[in-house]
> 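Sharing a structure, written as C-alpha cells. Questions coming.
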Amino acid sequence: MTKLTPMERIWFIVNLIPHGSVLPYGIVADLAGLPGRARYVSRALKLAPNNMLLPWHRVINSQGKISFAKETELFRTQQELLRLEGVLVNAGKISLSQYQWKPDLATLVMTLPF
DNA sequence: CTGCTGACAAAGT
DNA sequence: TACTTTGCCAGCA
C-alpha cells in the first residue's frame, strides 16, 4: 500500500479536477482527508515542483475568487489559464454554481489510494 | 517556547 | 456586495 504524505494527497486531488472546472481550497483539503486545512492546500500548491504540471489554476477560494491580488502577475496568469479552458472570470470572480467540480463521492473515495 | 506569516474560511457589520 | 474580524494551523525564525 502506497503511503502518501498529506501534501502528496493534496496534489493527487488537484490533479483530478477536470478541465474547465474549479474547486475551492477548503474542498480540496476535505477530499484529501485534511478537513479544516485550506491554508495548507495553498502551501502545498506553492511548494509543488514545476515539472508536476499540476492544474493549480483550478483551485480558488470559497468565495469563487482568485486568491492573488488583482495587480499581480500570478493573478493574470491564473485568470488567463482559466479563460483558456472556457471558464468565465469577471474581476477575478467565478460562478461556483456553474463551474465547481462535483464528483460522485462514493466513486471517488474508492479510487483514492489513501 | 513565542510570534509571525499566508494562493483560507466563516461569520459580522 | 464589500470590508473586517476571528479562527485556523503548518512552517519557520
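We name chains A, B, ... by the order of the sequence lines, and we start the count at 1 in each one.
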> 5' to 3' on DNA chain B, which nucleotides open and close the contacts with chain A (atom under 4.0 Å from a heavy atom)?
dG6(B) to dA10(B)
> Take W56(A) and Q63(A), find for each the nucleotide of DNA chain B with the closest heavy atom, and name the residue whose nucleotide sits nearer the 5' end.
W56(A)
> From CZ of R37(A) over to P of dC9(C), roughly how many Å is that when rounded to an integer?
7 Å
> Under the rule for salt bridge (charged side-chain N to carboxylate O under 4.0 Å, His left out), what residues qualify as partners of E85(A), not counting sequence neighbours?
R58(A)
> Keeping Q78(A) on the side-chain end and V59(A) on the backbone end, is there a donor-acceptor pair under 3.5 Å?
yes
> For Y25(A), report the nucleic acid contact type (base, sugar-phosphate, nothing); a contact means any heavy atom under 4.0 Å.
base
> If each of R43(A) and G26(A) is mapped to the nucleotide of DNA chain B with the nearest heavy atom, which maps nearer the 5' terminus, i.e. the 5' end?
R43(A)
> I'd like to know if R76(A) and E73(A) make a salt bridge, using a cut-off of under 4.0 Å between side-chain N and carboxylate O.
yes
> Distance check, rounded to the nearest 0.5 Å: L23(A) atom CG versus L16(A) atom CG?
10.0 Å
> For the backbone of T107(A) and the side chain of T111(A), can you confirm whether one donor and one acceptor N or O come within less than 3.5 Å of each other?
yes
> Look at the side chain of R39(A) and the base of dA10(C), then say whether one donor and one acceptor between them are separated by less than 3.5 Å.
no
> Rounded at 0.5 Å granularity, tell me how far CD1 in I66(A) sits from CZ in F75(A).
4.5 Å
> In this structure, how many angstroms lie between the P atom of dC3(C) and the NZ atom of K65(A), rounded?
8 Å
